[in-house]
Trainee: 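Take this structure first; my questions come after.
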2 protein chains.
Amino acid sequence: MKALDDRALGHVAEYFRALSEPLRLKILNALRDQARNVGELTELLNCSQANVSKHLATLTRYGFVERAAQGTSAYYRIADPRVYQLCDLVCGQMAQHFASQAQLLGAPPAPSRARR
Amino acid sequence: MKALDDRALGHVAEYFRALSEPLRLKILNALRDQARNVGELTELLNCSQANVSKHLATLTRYGFVERAAQGTSAYYRIADPRVYQLCDLVCGQMAQHFASQAQLLGAPPAPSRARR
DNA sequence: TTACTATATCGCTATATGGTGATTGTCGCA
DNA sequence: TGCGACAATCACCATATAGCGATATAGTAA
């Protein structure tokens with residue numbers, strides 16, 4: 001990703017946006033170990049079926065999950081487990097960010113250089 | 001990220017959202033090799049100064065960049081280079097996603113084992 | 001057929017936010 | 001002091017979208 005043209009960069013932004021909704025992350029988390037159908041997800045996540053379907057459509061469009069019809073049900077499963085690498089990276093970076101913020105707020109001595 | 005509570009999950013979503021704007025990605029890309037002030041970024045990215053400032057505020061809030069006042073200027077630099085790891089991961093996953101989509105659409109022979 | 005279930009989609013509202021121009025605040029210099 | 005440059009913020013508009021209830025669609029079984 002040295003010199004990205006605008007088009008590619010827009011795609012990357014869309015990719016991140018697809019992961020920027022708590023409910024979609026919950027869905028990915030619920031599918032971590034097993035495929036589930038819409039009804040199961042609706043119950044697990046405690047929200048409306050329409051909403052789950054809409055978010056599943058988004059996740060499918062970006063290739064995060066795959067759909068498999070089975071009778072009248074639709075089972076979804078993780079299409080690319082590497083999405084969890086992204087989440088793990090973010091978690092690690094967030095942890096460090098929060099730690100440094102806590103240090104800024106709570107550290108009395110303020111050793112090197114403080115304030116933003 | 002095994003069992004994330006809602007609070008942490010919301011934070012992860014916010015983190016991804018911060019990276020879901022093309023202009024913010026452009027800024028990060030422009031800061032890849034060197035610190036720049038707001039005026040330079042405004043010219044480089046060919047957009048309004050107010051807009052650049054707003055996005056820089058967002059990037060600062062989430063710890064992606066750091067601000068250093070210097071005279072009347074404000075120089076911004078990458079605070080955590082690991083953000084590029086995220087972008088690289090996304091680029092790789094996107095490339096594969098597009099490749100498989102192209103294969104689904106246009107591939108006649110489907111050589112070894114098709115479809116991811 | 002008819003009835004039932006499961007999922008996808010539609011229409012809608014409320015909210016969030018990207019973008020802009022104008023304004024404000026701050027710093028450095030004459 | 002006043003002036004000019006730079007950056008941050010304000011007020012506003014336009015758009016995107018999460019969420020909801022209602023409806024449409026597809027599969028299954030009687």
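Chain identifiers are assigned alphabetically (A, B, ...) following the order of the sequence lines, protein sequences preceding nucleic acid strands; residue numbering begins at 1 within each chain.
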Trainee: Under 4.0 angstrom, heavy atoms only, what part of the nucleic acid is B:Ala74 near: base, sugar-phosphate, or nothing?
Mentor: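 Sugar-phosphate, no base atom in range.
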Trainee: Do NZ/NE/NH1/NH2 and the carboxylate oxygens of A:Glu21 and B:Arg17 come within less than 4.0 Å?
Mentor: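 A salt bridge links A:Glu21 with B:Arg17.
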Trainee: Look at the side chain of B:Val38 and decide which nucleotide, out of D:dA8, C:dT20, D:dA18, has an atom nearest to it.
Mentor: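 For the B:Val38 side chain, the nearest candidate turns out to be D:dA8.
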Trainee: Given C:dT7, D:dG21, D:dA18, which nucleotide is nearest the side-chain atoms of A:Ser73?
Mentor: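 The answer is C:dT7, which lies nearest to the side chain.
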Trainee: Would you mind classifying the nucleic acid contact of B:Tyr76 as base, sugar-phosphate or nothing, using non-hydrogen atoms under 4.0 angstrom?
Mentor: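 Sugar-phosphate contact only - B:Tyr76 comes under 4.0 Å of backbone atoms but never of a base.
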Trainee: Would you say the side-chain atoms of B:Arg67 pair up with the backbone N or O of B:Tyr75, donor to acceptor, closer than 3.5 Å?
Mentor: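 Looks like no, no N/O pair under 3.5 Å.
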Trainee: It should be established whether A:His55 places a side-chain nitrogen or oxygen under 4.0 Å from OP1 or OP2 of nucleotide D:dG19.
Mentor: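 Looking at the OP1 and OP2 atoms of D:dG19, one of them is under 4.0 Å from a side-chain N or O of A:His55.
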Trainee: Return yes if the base of C:dA8 and the side-chain atoms of A:Gln49 contain a donor-acceptor N/O pair under 3.5 Å, otherwise no.
Mentor: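 Checked by distance alone, the answer is yes.
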Trainee: Check whether B:Gln93 reaches the backbone of B:Val90 with its side chain - one donor and one acceptor, N or O, closer than 3.5 Å.
Mentor: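 No, B:Gln93 side chain to B:Val90 backbone: no donor-acceptor pair under 3.5 Å.
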Trainee: Consider the side chain of B:Ser53, meaning its heavy atoms from C-beta on, and name the nucleotide among D:dA8, C:dG19, C:dA8 that approaches it most closely.
Mentor: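 Nearest to the side chain of B:Ser53 among the choices is D:dA8.
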Trainee: Between A:Tyr15 and A:Phe64, what is the ring plane arrangement, given parallel below 30°, perpendicular above 60°, and tilted in between?
Mentor: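 Correct class here is tilted.
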Trainee: Starting the side chain at C-beta, find the nucleotide from C:dG19, D:dA7, C:dT5 nearest to A:Thr72.
Mentor: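 Nucleotide nearest to A:Thr72's side chain: C:dT5.
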Trainee: A:Leu23 has a side chain; which of D:dG19, D:dA8, D:dG21 sits nearest to it?
Mentor: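 Out of D:dG19, D:dA8, D:dG21, the nucleotide with an atom closest to A:Leu23's side chain is D:dG19.
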Trainee: Could you work out which one of C:dT7, D:dA7, D:dG21 sits closest to the side chain of A:Ala50?
Mentor: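 Looking only at heavy atoms from C-beta outward on A:Ala50, the closest nucleotide is D:dG21.
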Trainee: From C-beta outward on A:Asn51, which listed nucleotide comes closest to its side chain: D:dC20, C:dA6, C:dT7?
Mentor: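 Of the candidates, D:dC20 comes closest.
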Trainee: Out of C:dT7, D:dA7, D:dA18, which has the shortest distance to the side chain of B:Arg67?
Mentor: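 Shortest atom-to-atom distance from the side chain points to D:dA7.
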